[in-house]
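So the structure is just underneath, and the comments pick up after that.
Just so you know, ligand 1 is whichever comes first in the structure, and atom 1 is the first atom listed for that ligand. Throughout, residue positions are numbered sequentially from 1 according to the sequence presented.
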Amino acid sequence: MTNFTYKNDLPDNLELGPIVAIDTETMGLNPMRDRLCVIQFSSGDGHAHIVQIEPDAPQAPNICKILLDQNKVKLFHFARFDIAILKHHFKINISPVYCTKIASKLVRTYTNKHGLKNLLREMLSIEISKQQQSSDWGASELTKAQIEYAASDVLYLHKLMDKLNLNLKRENRYEIAEACFNFLPMRATLDLAGWSEDDIFSHS
Ligand code: MN
């Protein structure tokens with residue numbers, strides 16, 4: 001298990017397979033205000049590729065190629081936020097996507113705990129630490145603890161997706177999940193366009 005680190009883009013010719021787990025770390029939770037600092041990738045092979053995005057970084061053609069590739073599923077936990085910040089930063093649309101949080105909400109109706117830490121503990125008996133979640137991701141050099149935390153957010157998403165898919169099929173909700181995943185890029189677009197707090201499907 002190795003954590004590879006890079007600045008501003010993935011290296012040329014890195015093959016991450018048909019389903020790429022992706023997570024981001026930012027200066028905060030407002031994609032319009034807060035800078036994108038780190039993007040983590042994993043193909044599900046136990047290795048993480050961690051890209052630090054410096055202020056005023058040049059374009060990242062290798063990252064954008066993956067985000068735009070219609071034959072690569074971008075696998076996130078809470079895709080809504082990651083899609084919005086990646087779309088805002090790179091000015092591109094991101095699809096197709098899968099979100100383990102949406103999948104969890106559709107099948108784990110017996111709980112309201114849908115955080116990654118809870119999901120990994122219950123479904124895969126994996127313990128991850130969330131201690132570095134609110135640390136300074138804009139620092140010019142990341143700490144070892146930050147890198148390990150960043151990696152743990154992408155390393156297990158493939159296994160988690162497999163488990164959630166079994167449950168989605170068991171409960172006959174796979175089609176609903178797929179339709180929600182297909183809508184997610186537009187949900188992120190609404191967030192960036194000023195409808196972040198409004199549910200346009202609600203009556204009021
Ligand atoms: Mn994260």
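At a threshold of 4.0 Å, the pair Lys72-Glu15 counts as salt-bridged, since one of the basic side-chain nitrogens sits closer than that to a carboxylate oxygen. Salt bridge status for Arg187 with Asp191: present, with a side-chain N to carboxylate O gap under 4.0 Å.
Among residue pairs with one or both ends in residues 60-93, none qualify as ring pair (Phe, Tyr, Trp, His ring centres under 6.0 Å); sequence neighbours excluded.
Atom NZ of Lys130 has more than 12 heavy atoms from other residues, nucleotides or ligands within 6.0 Å. Within 6.0 Å of atom NZ in Lys117, more than 12 heavy atoms from other residues, nucleotides or ligands are found, so the atom counts as buried in its surroundings.
Residues Leu190 and Phe183 have side chains in contact (heavy-atom distance under 4.5 Å, counting atoms from C-beta outward).
Atoms of the protein (N, O or S only) found under 2.8 Å from the Mn ion (ligand 1) are Asp23 OD2, Glu25 OE2, Asp153 OD2.
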